[in-house]
> 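Got a structure here, written out as structure tokens. Questions coming.
Lettering of chains follows the sequences in order, A, B, ..., and the numbering in each one begins at 1. Side chains are part of it too, since the values below use all heavy atoms of this structure and drop only hydrogens, waters and symmetry mates.
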Amino acid sequence: MDEQKKDYVLLKGNEVIAKAAIRYGYDGFFGYPITPQSEVLETLAVDKPWETTGMVVLQAESEVASINMLYGAGATGKLAFTSSSSPGIALMQEGISYMAACELPGVIVSVGRGGPGLGTIQPGQADYNQAVYGGGNGDYNLIVLAPNSVQEMADCMGKAKELTFKWRVPVMILSDGVIGQMMEKVELPPFTPRRTEEEIHQQCPWATNGMGLKGRKYNYHSSLEFDPLVMEDRNHKMAEKYRKIEAEEVDYDTYKADDAEYLIVAYGISSRVSMKTVDTLREQGVKVGMLRPKTLWPFPNRILNEKAENLKCILCVEQSEGQMIKDVRLAVEGQVPVYHTGRSGGMISSPADVVDAFKAMARENISKNWPKGYWIK
Amino acid sequence: MAAPFGGRGALYMTKEELIQPENRIYGKPALMNDTPMHYCPGCSHGVVHKLVAEVIEEMGIEEDTIAICPVGCAVFAYRYLDIDWIEASHGRAPACASSVKRLWPKKLVFTYQGDGDMACIGTGEAIHAMNRGENIAMIFINNAIYGMTGGQMAPTTLMGMKTATCPYGRQADLHGYPLHITDIAVNLEGTCYVTRQAVNTVANIRKTKKAIRQAFENSLNHKGCSVVEVVSTCASGWKKTPEQANQWMTENMFPYYPLGDLKNTNE
Amino acid sequence: MTEEIIISGFGGQGVLSMGKILAYAGIMEGKQVSWMPAYGPEQRGGTANVTVIVSDDVVSSPIVSYYDTAIVLNQPSLEKFEPFVKPGGTIIYEGHSVFQAPKRDDINIYRIDAMEEAARTGNSKVFNMLVLGGLLKVRPIATVDDVVKGLHKALPERHHKLIPMNEDAIRRGMEIIQKVK
């Protein structure tokens, strides 16, 4: 399609989450205001989807209530989402564990800020562990999508909808305050009608909505099981499903990585910053590329492991004290050194910062100082 | 002539012979299945479960009912009634019910919670669901003790009452006062029907059933939030026989938690 | 072509909306754009700045280290961003709000007396459009027609009657900007 003819709009990442949800036929939103993601609920409130698509929008009394509203919605086969930021997502962890335990669909948007604790309201990426390893109890995983542009915020809402019902696993969209607050041009998806109750009945025979009760055994969703053997069996079945997801749903992007001797691994805002770093270094004749995980779980282990064979070293760029780096190191199985750079607490590396860090890394790596320390300032 | 009591068949009827329509004078509601209940003898839960099943059956709304059960003794409520259940995390049943009712506005949505679930860990969710006027029914079993975890103090434990965590009796300076969450509910604009009942006598059981029916109808008719408190026994937690428990409840609980309708905006 | 611009001033000067209109104008020209605000708890009177990038290619980092153009609408903004203008780049400063002019001599320096002009016409609301006009004169990133098209998209229908006034301000801004060195 001709670029000029597309119906682009200029929107913030957070606004796009709201508008995309309406257009993808989400049934409900339940959330609580927190900076830097409050525009999600604000946009929904302005757009009033309950008058058009019939989508329910409710400002809950807390993040704890929000996630349990999502739990109820998912249990009945409806497609709902919530959004929050770091401390709010921390409050949701129990509910997320329950959703995972009951294998319920639901979408959680996390727009990260600097932590820990109340932290700052400025953007951050210190919630990788929270998203990928979770703060909830038990053996569970979430599918974690990592958009790096406003357009991808919209796209991820569509992808999350598909994945959460396909696998009956809650999906988290892990974004950050930059992507949430910045505006870019975006093409919104076309309107998809919400599923009718009859369609939900057909597609979700496990749903607890009473439909067709007289012709079936009743349904229930409970994460409680007193018999450890039965519980173990449930966990095994969930683990089998997770292994399938790992085999089928890995998604990543590469940038100038084909002939790279050095690789930057980054997601979200760090991948945007790193793109510019790669461009700058390429202009200087350095063979550097980037790999960007688009799914943080499942993580692109195989491609990283393969790429590592031809690399001198890897620089992991995250706006945190270094969280994803552990997964990168596991993926490359010690073939090459992996270093970290990034800022935290609400500060964001500039492309020049990453260029400096890269050069320091290259020097350090050549002088074989590794593994003295992996922090590159 | 055969002896009037001759033969095994005449003295001892088999189960199949016994359960004939003409012999039937009482039956449990069809929605109650045969899963053996885990409740202790003398517990009020079983009676309230039966009333819930009867009301749903009589209203003919099995396919239009979504029930939310709590954490606490009623955590396994989903095992006993053949309706669709969601077992919520501790205290969050009203939040869960809020989204379910808004997404399925034509259904009866009710929560079934104990005192710890509704009046302690989930006070926030309970009060906000009531205050938003969610069109749900909340059945609140108040037995003034934590039964499931083995008899610890509840928010509704009476002053001076002994439990595992207030072994010398509840004292204001150590434990604060019993929380009257139902009385709080009365003052919230979103509630339409607030009542306190018990199931210790046949007459009270009938009243409770009527109250549950009223609450369920309110949910279906979008009248607002209904709260049916059932002042209940916990014979095991109170360390009493079922009979003693009923008597103790009558003498100690009812004066503190008096029975009757507290609010009914339909009247 | 890639133009990396920082617009900085006090909250209430229309910094963010000026950036937004510029980004919309870029979209009208078929370009890639990004608009990245420095956000904070301040609602009014605090500092506000926004990075706008307009490019023929995909915008890589919305956060940049150095700028092609800095528009500074108060003294602290000048002090903060003057060192980060690329050599050969541009600073546009507002004559009334910035009392110590930029010192660098490896960049182009322009002054626009938008405050004075807004006061003269008695319409303070078009202050940021005067500045935008000045920018478009010295850095022709978008045509005035595309800015007007952008305004139609950016503003809700009920405000469309204000567009001619804004267009006039943009054209006036193009006239009053002066090269300092």
Side-chain angles (χ1 to χ4, degrees), chain A residues 26-30 50 54-80 82 94-99 101-102 104 106 136 194 197 200-201 206-226, chain B residues 30-31 33 35 38 56 60-72 75-109 111 121-132 134 136 148:
Chain A
Y26 277 63
D27 296 308
F29 169 88
F30 307 94
W50 53 91
M55 177 184 175
V56 168
V57 178
L58 178 60
Q59 177 170 337
E61 62 270 33
S62 67
E63 288 87 350
V64 175
S66 310
I67 195 70
N68 285 285
M69 289 173 178
L70 205 60
Y71 174 83
T76 60
K78 293 274 184 174
L79 169 64
T82 186
E94 179 200 39
I96 292 173
S97 169
Y98 276 58
M99 288 179 74
C102 294
L104 300 181
R194 291 190 309 114
E197 292 189 355
I200 292 171
H201 180 45
W206 43 265
T208 50
N209 53 34
M211 294 184 79
L213 184 84
K214 285 174 180 162
R216 63 170 165 89
K217 192 181 180 317
Y218 72 97
N219 288 331
Y220 67 87
H221 292 292
S222 171
S223 55
L224 180 66
E225 180 52 64
F226 274 178
Chain B
L31 284 181
N33 56 40
T35 310
H38 72 289
I56 293 170
I61 52 169
E62 298 92 319
E63 297 201 320
D64 289 310
T65 298
I66 304 171
I68 324 283
C69 55
V71 171
V75 67
F76 284 128
Y78 59 82
R79 287 183 175 176
Y80 310 129
L81 263 56
D82 290 348
I83 50 173
D84 281 355
W85 285 94
I86 304 169
E87 196 283 302
S89 66
H90 202 9
R92 318 303 169 212
C96 189
S98 299
S99 64
V100 171
K101 179 65 184 180
R102 283 173 184 245
L103 290 163
W104 300 87
K106 285 182 242 150
K107 308 266 175 186
L108 159 65
V109 179
T111 70
I121 195 168
T123 314
E125 284 76 11
I127 286 180
H128 282 282
M130 292 170 191
N131 197 47
R132 281 193 302 263
E134 298 291 350
I136 58 175
M148 186 67 143

> Between A:Asp27 and B:Leu103, which heavy-atom pair has the shortest distance, and what is it?
O-CD2, 3.3 Å
> Are A:Thr208 and B:Tyr78 side-chain neighbours, meaning at least one heavy-atom pair lies under 4.5 Å?
no
> Identify the two heavy atoms, one from A:Glu94 and one from B:Ser89, that lie closest to each other, and give their separation to 0.1 Å.
OE1-OG, 3.7 Å
> Is the closest side-chain heavy-atom distance between B:Val75 and A:Phe226 below 4.5 Å?
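No; the side chains remain at least 4.5 Å from each other.
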> More than 12 heavy atoms of other residues, nucleotides or ligands under 6.0 Å from CZ of B:Phe76: yes or no?
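Enclosed: over 12 neighbouring heavy atoms sit under 6.0 Å from CZ of B:Phe76.
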> CZ of B:Arg79 to OG of A:Ser222: how many Å apart, nearest 0.5 Å?
8.5 Å
> Is the shortest side-chain heavy-atom distance between B:Lys107 and A:Met211 below 4.5 Å?
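Touching, per the 4.5 Å side-chain cut-off.
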> What option among A:Glu61, A:Glu197, A:His221 has the most heavy-atom pairs under 4.5 Å with chain B?
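When all of A:Glu61, A:Glu197, A:His221 are compared, A:Glu61 has the most.
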> Is there a side-chain contact between B:Asp84 and A:Arg216 in this structure, where contact means two heavy atoms from C-beta onward sitting under 4.5 Å apart?
yes
> State, with a plain yes or no, whether a side-chain heavy atom of A:Thr76 is found less than 4.5 Å away from one of B:Ile86.
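Result yes, sub-4.5 Å side-chain heavy-atom pair found.
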> Using side-chain heavy atoms (C-beta onward) and a distance below 4.5 Å, is A:Tyr218 in contact with B:Leu81?
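A:Tyr218 does not reach B:Leu81 side chain to side chain.
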> So which part of B:Ile66 gets closer than 4.5 Å to some heavy atom of chain A, the side chain, the backbone, both or neither?
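Only the side chain of B:Ile66 comes within 4.5 Å of chain A.
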> Kindly indicate whether the side chain of B:Glu125, heavy atoms from C-beta on, has any atom under 4.5 Å from the side chain of A:Val64.
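B:Glu125 vs A:Val64: side chains touch.
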> Is it the backbone or the side chain of A:Ile200 that comes under 4.5 Å from a heavy atom of chain B, or both, or neither?
side chain
> Can you tell me if A:Tyr98 uses its side chain to pair, donor with acceptor, with the backbone of B:Glu87 under 3.5 Å?
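Side chain of A:Tyr98 to backbone of B:Glu87, a donor-acceptor pair under 3.5 Å: no, none is there.
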> Name the option with the most non-hydrogen atom pairs under 4.5 Å to chain A; the candidates are B:Ile127, B:Ile83, B:Asn131, B:Thr65.
B:Ile83
> Could you tell me the separation between the CG atom of A:Asn219 and the CG atom of B:Asp82, rounded to the nearest 0.5 Å?
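With rounding to 0.5 Å, CG (A:Asn219) is 11.5 Å from CG (B:Asp82).
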> A:Ser66 versus chain B, heavy atoms under 4.5 Å apart: side chain, backbone, both or neither?
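For A:Ser66, no heavy atom lies under 4.5 Å from chain B.
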> From A:Leu70 CG over to B:Cys96 SG, what is the distance, rounded to the nearest 0.5 angstrom?
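Answer for the CG-SG pair, A:Leu70 versus B:Cys96, is 10.0 Å.
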> Would the distance check show the side chain of B:Glu62 and the main-chain N or O of A:Lys214 forming a donor-acceptor pair, the cut-off being under 3.5 Å?
no
> Check B:Ser98 against A:Met69 and note the closest heavy-atom contact, atom names and distance.
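For B:Ser98 and A:Met69, the tightest heavy-atom pair comes out as CB-CE, 4.1 Å.
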> Tell me the closest heavy-atom pair linking B:Val100 and A:Ala73, and the distance in Å.
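Residues B:Val100 and A:Ala73, closest heavy atoms: CG2-N, 4.4 Å.
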> Side chains of B:Ser99 and A:Leu58: does their closest heavy-atom pair fall under 4.5 Å?
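B:Ser99 does not reach A:Leu58 side chain to side chain.
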